[in-house]
Amino acid sequence: MNRALAEVSLFGAVVVGCLVVVLVAQRLRAEPSPDGGYATGRERRLGLGDAKAAAVRWTTTTNHREIGLLYIAFGTVAAIWGGIDAMMIRTHLLTPEANLWTEQTYNELFTMHGLTMLIFFVTPVFFGIGNYFLPLLIGADDMAFPRLNAIGFWLLPPSLLLARLGIVAEVTGAVLAVVVPTDWISVLLAFQEPAIGWTMYPPLSLAPNPQTNFLLLGLHLSGIATTIGAINFITTIIYERDESIGWANLDIFSWNMLITSAIIIFAFPLLGTALLMLLFDRNFGTTFFAVEGGGPILWQHLLWFWGHPEVYIIFLPATGLMSLILPKFVGRKLFGFKFIVYSTIAIGVLSFGVWAHHMFVTGVDPRVRASFMATSIAIAVPSAIKVFNWITTMWNGDVRLAAPTILCVGSIGLFIVGGVTGIFLAVIPVDVIYHGTYYVVGHFHLILMGIIPLMMFAASYYWYPMLTGRMYDRRLAIFQSSLLVVGSALTFMTLMALGFLELPRRYATYPAGYSGLQVVATVGAFIIGISVLMWLYNMIWSYFQGTPIETADPWELKATQQFTPEWQWFEDRLERERGVPPSEPEEVRPSYVPAQDDRPLSLSGRIKPVARTVANDAGTGAVGGVVGTLLMSGVLAVAVLLGAFDLESFATLTTFVGLPANLALGYGLFLVGGMTVWPLLFLSLGEYLPGELTLVTGLWYATVISPGFALAFYTGQTGLELVTFLIFVPLAHWIYGLGLAGTIAYLGGRRRRPSTGEDENE
């Protein structure tokens with residue numbers, strides 16, 4: 001399969017999907033209102049002049065909030081690109097043989113996946129969050145150097161383009177080859193995505209490939225952009241703070257951004273220097289990293305002197321978000337604020353003393369290895385301080401169920417597993433055994449995926465009302481967050497299990513005995529992918545269709561005295577622009593006092609409502625399933641008469657449960673499935689589909705599940721029979737969906753609860 005075609009098609013499908021959601025959401029905004037009129041002030045036709053004005057505005061802006069949004073948008077695009085790489089890697093590993101992509105393509109994928117995610121996704125998104133909210137948190141009008149801020153961002157798009165020029169050139173060359181001779185575009189066809197691993201170790205990185213030069217230039221340019229941004233953050237925090245904000249009451253996120261920026265100032269210039277040295281080796285005959293010169297080990301020292309601090313560069317902002325957001329949803333102020341600040345500083349200092357633990361197997365002097373083992377274990381102490389303080393913050397708090405809460409708690413759990421397994425890797429004898437296995441992949445992905453993107457999602461939900469003036473779909477967010485945590489745990493803990501079994505990493509093929517766990521890891525990866533698409537849908541759809549915010553305190557922060565400066569700024573803005581008066585809570589309590597609400601329900605008191613709901617769902621679902629399945633059977637009977645559906649295909653159902661093929665028994669299984677599995681799934685997922693939990697949702701649900709039926713019951717029809725079969729499949733499912741949803745609605749089954757409302761308490 002052509003890798004470039006598959007990757008561009010997947011990326012295009014995501015983009016087109018987003019555009020479709022935007023168009024549908026915009027169109028629904030202009031639907032007639034129930035009284036026959038039209039929504040006012042919502043729809044506005046955009047002309048060419050408006051597009052030009054918007055382009056000029058967004059490319060020349062120096063406003064910190066708009067630049068922050070540009071950073072976040074850029075990082076999201078890079079995340080989707082790198083995420084598609086990851087999905088292609090996991091799909092490739094479904095089978096032990098390299099029968100989907102070639103070994104070369106596999107190496108290209110994991111090279112660019114790592115670099116794209118590390119360099120172009122995580123840091124830009126955190127810089128975007130920092131740009132938007134840090135000045136609001138510290139009472140500054142803008143960043144210290146607004147124009148430099150804009151320059152820092154606009155260096156990133158060309159750096160990403162340079163880094164990934166290989167696939168861009170390949171696709172462009174393939175398109176042009178249709179209309180021009182191949183000789184004319186030989187330059188484009190010479191480019192190829194590097195397959196040298198994201199660590200770019202020589203001598204692999206010295207191999208001839210012009211794209212490697214552009215990759216190094218792109219990374220160097222991104223390093224300049226990151227350094228510019230870091231200087232701006234440090235200057236802003238030190239010199240632009242409001243007079244009322246000192247070091248003692250500086251918010252925890254700004255503290256983390258300050259330490260992160262300080263690490264960047266020391267780490268990224270070294271990376272830039274090493275990249276230039278590698279470029280000289282490749283193009284000017286120097287021998288910095290050649291065997292006859294400095295040697296390949298020199299590159300490893302320089303790379304990891306940047307590489308391990310880079311882990312904390314992308315980790316510390318995530319912990320800052322955790323420390324900022326978690327207290328808001330547990331009703332208690334952050335426990336041990338000073339110790340978390342001290343631990344952040346300690347991590348910043350120690351991060352430069354652990355690089356050589358990546359090189360325990362390279363023959364480094366044992367005395368040097370021992371010292372790096374000690375510092376690598378020692379850095380677990382400040383990390384553990386953060387975890388204990390987060391847990392203590394939740395202890396006896398008024399924990400509310402919300403998407404940010406799920407993400408925070410899930411992050412803490414995944415980080416504990418990832419962090420503890422990292423301590424073992426810091427120990428030389430253990431590292432020697434597991435260094436080249438999937439154990440390492442599972443460990444660092446539990447850190448990188450387990451807390452960093454999860455806290456980005458948590459921040460997107462927490463500040464979404466402020467960013468858009470609307471509320472997202474809370475139920476979809478809770479479902480998406482749960483799915484993301486489960487997918488992350490399933491994927492990366494399975495990789496750790498593969499590591500315990502000592503399966504080597506970085507290979508495109510593997511022994512067949514590991515295929516079961518590889519399939520489990522791939523299923524988990526696709527769960528992550530689906531949850532990310534759900535988040536994207538929720539963000540876009542709610543921007544147009546979400547309930548408008550009527551208060552600047554959607555999380556009831558005033559009730560626990562946690563109404564921080566950025567929300568105060570939002571309150572002033574709402575009052576100024578929309579005339580929304582400030583709200584006051586009915587009751588205010590200090591955020592450090594445990595909730596003194598009513599006596600909590602007993603265990604049986606909590607179980608009874610759940611059991612009642614389950615019994616009600618099972619009963620109404622079964623009746624609806626019977627009605628829907630019988631109606632569907634009638635449509636299929638017509639298809640049988642027309643010769644488009646083979647009745648014997650029901651007989652194969654029995655073979656799936658280990659029984660001999662039998663038509664009557666197969667139809668019985670079909671009926672049982674129609675009244676148990678599919679109704680329960682409908683009741684579980686129906687709330688997260690568009691429309692009310694009635695007929696519309698039933699049609700959506702039936703449409704979604706119909707392709708599976710088409711594949712399962714396809715018996716080799718061709719020509720007109722195939723067309724008729726494909727027409728009858730969705731028709732039969734729509735009838736099933738109407739029968740199922742209609743019966744449930746008639747029997748008074750569970751109804752969709754309002755997405756937002758005054759009485760809602762997440």
Side-chain angles (χ1 to χ4, degrees), residues 62-72 75 122-153 224-269 309-310 312-325 327 333-334 337-349 351-352 382 386 455-456 459 462-463 466 562 564-570:
T62 56
N63 181 281
H64 70 96
R65 287 183 285 113
E66 293 179 343
I67 291 177
L69 293 176
L70 288 172
Y71 266 115
I72 293 171
V122 179
T123 308
V125 169
F126 281 137
F127 271 30
I129 295 173
N131 259 286
Y132 197 104
F133 293 104
L134 192 142
L136 302 180
L137 287 165
I138 65 174
D141 294 331
D142 204 324
M143 297 294 284
F145 308 113
R147 291 187 179 86
L148 200 62
N149 200 24
I151 292 172
F153 168 76
I224 295 173
T226 304
T227 307
I228 289 174
I231 293 171
N232 216 348
F233 277 122
I234 292 173
T235 311
T236 302
I237 293 171
I238 293 177
Y239 294 107
E240 300 296 324
R241 279 178 290 132
D242 186 83
E243 293 180 353
S244 62
I245 297 179
W247 294 113
N249 62 346
L250 181 66
D251 68 279
I252 193 66
F253 177 67
S254 299
W255 263 112
N256 278 267
M257 288 301 296
L258 178 65
I259 304 301
T260 300
S261 301
I263 300 175
I264 289 173
I265 295 296
F266 287 99
F268 267 83
E310 166 67 6
Y312 296 102
I313 287 170
I314 59 181
F315 168 72
L316 288 181
T319 64
L321 289 175
M322 172 78 80
S323 301
L324 184 76
I325 295 173
K333 74 174 184 179
L334 182 64
F337 175 86
K338 288 183 180 178
F339 292 99
I340 287 192
V341 172
Y342 295 150
S343 70
T344 305
I345 297 171
I347 288 174
V349 174
S351 67
F352 288 99
K386 290 181 180 294
M455 293 320 304
M456 290 179 183
Y462 175 59
W463 281 313
M466 187 187 301
Q562 297 190 90
T564 41
E566 84 275 24
W567 290 105
Q568 294 168 18
W569 168 85
F570 181 54

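Every residue meeting the side-chain contact (heavy atoms from CB on, under 4.5 Å) condition with Ala459, not counting sequence neighbours, appears here in chain and number order: Ile129, Leu321, Ile325, Trp463. Residues satisfying the ring pair (Phe, Tyr, Trp, His ring centres under 6.0 Å) test with Tyr132, not counting sequence neighbours, are none. Looking at residues two or more places apart in sequence or on another chain, you find a side-chain contact (heavy atoms from CB on, under 4.5 Å) between Lys333 and Ser591, Tyr592. Residues passing the side-chain contact (heavy atoms from CB on, under 4.5 Å) test with Pro327, sequence neighbours excluded: Leu334, Thr393, Gln562.
Residue Leu136 comes nearest to Glu566 through the heavy atom pair CB-CB, 3.9 Å, listed as atom of the first residue, atom of the second, then distance. When all heavy atoms are compared, the tightest approach of Trp247 to Ile238 is CH2-CG1, 4.1 Å. Between Pro309 and Ala267, the closest heavy-atom pair is CB-CB, 4.2 Å. Taking each heavy atom of Ile252 and Leu324 in turn, the nearest pair found is CG2-N, 3.7 Å. Between Ile264 and Pro269, the shortest heavy-atom distance links the atoms O-CD, 3.5 Å. The shortest non-hydrogen separation linking Pro317 to Tyr312 is CD-O, 4.1 Å.
Between Ile345 and Ile259 the shortest side-chain heavy-atom distance falls below 4.5 Å. Residues Glu310 and Ile263 fail the side-chain proximity criterion, which asks for heavy atoms closer than 4.5 Å. The side-chain heavy atoms of Asp251 and Ser254, taken from C-beta on, include a pair separated by under 4.5 Å. Contact check for Ile245 versus Leu137: no side-chain heavy atoms found under the 4.5 Å cut-off. Looking at heavy atoms from C-beta onward, Val341 lies out of side-chain contact with Thr344 at the 4.5 angstrom threshold. No side-chain heavy atom of Phe153 sits under 4.5 Å from any side-chain heavy atom of Phe127. In this structure, the side chains of Leu148 and Met143 stay at 4.5 Å or more apart for every pair of heavy atoms. No side-chain heavy atom of His64 sits under 4.5 Å from any side-chain heavy atom of Pro146.
Within the structure, no pair that satisfies the side chain to side chain donor-acceptor pair (under 3.5 Å) test touches residues 226-241, not counting sequence neighbours. For the side chain to side chain donor-acceptor pair (under 3.5 Å) condition, the pairs that include at least one residue of residues 133-153, sequence neighbours left out, are Asn131-Asn149.
Rounding to the nearest 0.5 angstrom, the gap separating the CZ atom in Phe352 from the CZ atom in Phe266 is 7.0 Å. One distance of note links OG1 of Thr260 with CD1 of Ile314; it measures 10.5 Å at 0.5 Å rounding. A distance of 10.5 Å separates CE in Met466 from CZ in Arg65, rounded to the nearest 0.5 Å.
The backbone N or O of Gly320 lies less than 3.5 Å from no partner atom in the side chain of Ser323, so there is not a single donor-acceptor pair. Judged by distance alone, the side chain of Asn249 and the main-chain N or O of Gly246 form a donor-acceptor pair under 3.5 Å.
Within 6.0 Å of CZ on Phe337 lie more than 12 heavy atoms contributed by other residues, nucleotides or ligands.
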task: List the steps and the verdict of side-chain contact (heavy atoms from CB on, under 4.5 Å) for Phe339 and Lys386.
output: CA-CA 8 Å; Phe339 292 99; Lys386 290 181 180 294; over 6 Å; no

